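Heads up: the structure comes next, in structure tokens.
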Protein chains: 2
Amino acid sequence: MSPLPSGLLGDLDPTSDRAVFRQIADQLREAIDRGRFHEGDKLPSEADLVDHYGVSRMTVRNSFSILQGEGLVHAEHGKGVFVRPRPPVRRLASDRFARRHREQGKSAFIVEADAAGSHPQVDSLEVKEEKASPDVSARLGSVRRVLARRRRYLLDGRPVEFATSFLPLDIARGTQIAEPNPGPGGIYARLEELGHRLDHFEEEIRARMPSPAEVKTLRLASGVPVIHLIRTAFDGEGRAVEVCDTVMAADAYVLSYQLPAT
Amino acid sequence: MSPLPSGLLGDLDPTSDRAVFRQIADQLREAIDRGRFHEGDKLPSEADLVDHYGVSRMTVRNSFSILQGEGLVHAEHGKGVFVRPRPPVRRLASDRFARRHREQGKSAFIVEADAAGSHPQVDSLEVKEEKASPDVSARLGSVRRVLARRRRYLLDGRPVEFATSFLPLDIARGTQIAEPNPGPGGIYARLEELGHRLDHFEEEIRARMPSPAEVKTLRLASGVPVIHLIRTAFDGEGRAVEVCDTVMAADAYVLSYQLPAT
DNA sequence: CTTGCCCACTCGTCTATACGAGTAAGCGTG
DNA sequence: CACGCTTACTCGTATAGACGAGTGGGCAAG
């Protein structure tokens, strides 16, 4: 409850049109931007700010909720409000599915994370046959039922990505693709062994705020959007052989693409 | 102030651990998901919900603020709270910079929007020389000063994208690239005329919540993230000849990429 | 010294109230 | 009919207070 160091935060402008709680949010944001608070630092407590500005607690909380929505800070019950640290990001290059990366036994995710010095994990493995959603059905060319492979990826214990692959039953049923462990090189290697030489991929990218279910699965802080990526894999005959629906914590990813100028 | 149609929203569960304002948000979200409220529909007013649930107004407002953060609804002062309509999306295909699209006179944005039946606009045009940021400088290969071309794109009057192109001065200075109107085919056509035949592009994609400045420029509703795309164009000699920094309203875009399976 | 409790501090939830300001419709006046 | 006012309804902002619950340090008992 010690008073705030003077000069750290300014005063309110009573003549301003800007709402008090916005002014407070502005000052905190600026202090963070200027480096007066660093990643992981604790901001002044609600009580501190109530004293400093002479406003009610709800007003201060209102300010914090703005910054939370911007993804700048996060509150921890019983501890305080902290500047949200930027987690290490995972870069996804557009050649990540190149055939040469498929030769080794381990999955691309594991190899790459190990190389980056992180501890990778894959869980929530679920493999089952199910009815195709209208969207998946359309992408796979009017299939009714599909094989769905769901898994969640974690980096150093933090969930960063949730992915589901959908494959037509006439391709996947009875093969190793339908097994929890698809073997070295993953399902793409198996698809090629089955005669579906991969020709190209199509990826659709959206960004949006997460659903409550996604917040839970990815343990997302408030103010963190998700990147929603839908990849369709085509074989040499132009047939869609897999649709992969991926939801990623946006603060953990940078996608990178190489495009020919053709 | 007429009572809510019964059955539209349920009751609270006082035995639940879940906070009251979350329960209310859950019920509203579910009602929206189930189609009881459609895009653009007005939700029950704060006063309606206060009566219906027997809670205080701040609790109801708290519920609305959750849904607002999720990008599901938006409030209009004096009118009510509405289900946020999904705006028409602009699809960006990875071949959008293909040479064949550059032959016509009009810019890709205008052509494409016209074709989609929308009314395109470009404003905030600013062209000037300035100091390169460390990031831009690194991408362009240690240049100190650059030509910056800023513009904002609007679709049917709504700002959807804000982009800045940075070009090395030794390439752009004194050419038509430094003019407000770069001529038919845009700056890429001019670059090729200047002997920089474009070889490939590299695009980096991030998603995050917008800064206050971005909220203003793009007139973003709360709960709408931005897609941040940084494209670098390389000529045949492997030199980076342009960096384009683009911030897009995420609810207005789907990015689409074709990748070879190599 | 170790264990366990208490307490101070933190954010989380909720109530009740007040006034301001934007919107739209109705109504009366000119 | 047209204009402007009133009024009711809407969300926005802010205050003051209460209790709950998670956290961590200090202190006292064993």
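Quick note on labels: first sequence line is chain A, next is B, and so on, each numbered from 1. From a predicted model like this one, the values you see are computed outputs, not experimental measurements.
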[X] vs [Y] side-chain heavy atoms within contact, under 4.5 Å:
X	Y	answer
A:M209	A:E214	no
A:F166	A:E130	yes
B:R29	B:E70	yes
A:P87	A:R158	yes

Rounded distance (Å) that lies between atom [atom2] of [N] and atom [atom1] of [X]:
X	N	atom1	atom2	result
B:H74	D:dG12	NE2	P	11 Å
A:L49	C:dC11	CG	P	9 Å
B:E46	C:dT17	CD	C1'	15 Å
B:E76	C:dA21	CD	C1'	15 Å

| nucleotides 13-22 of chain D: protein proximity per nucleotide (B base, S sugar-phosphate only, - neither; heavy atom, under 4.0 Å) | BBBB-B-BBB

| query | Do the rings of B:Y257 and A:Y257 sit parallel, tilted or perpendicular, given the 30° and 60° boundaries? | reply | parallel

| said: Walk me through whether A:E202 and A:R139 qualify under salt bridge (charged side-chain N to carboxylate O under 4.0 Å, His left out). | reply: CA-CA 11 Å; A:E202 198 179 290; A:R139 289 175 197 271; 5.3 Å; no

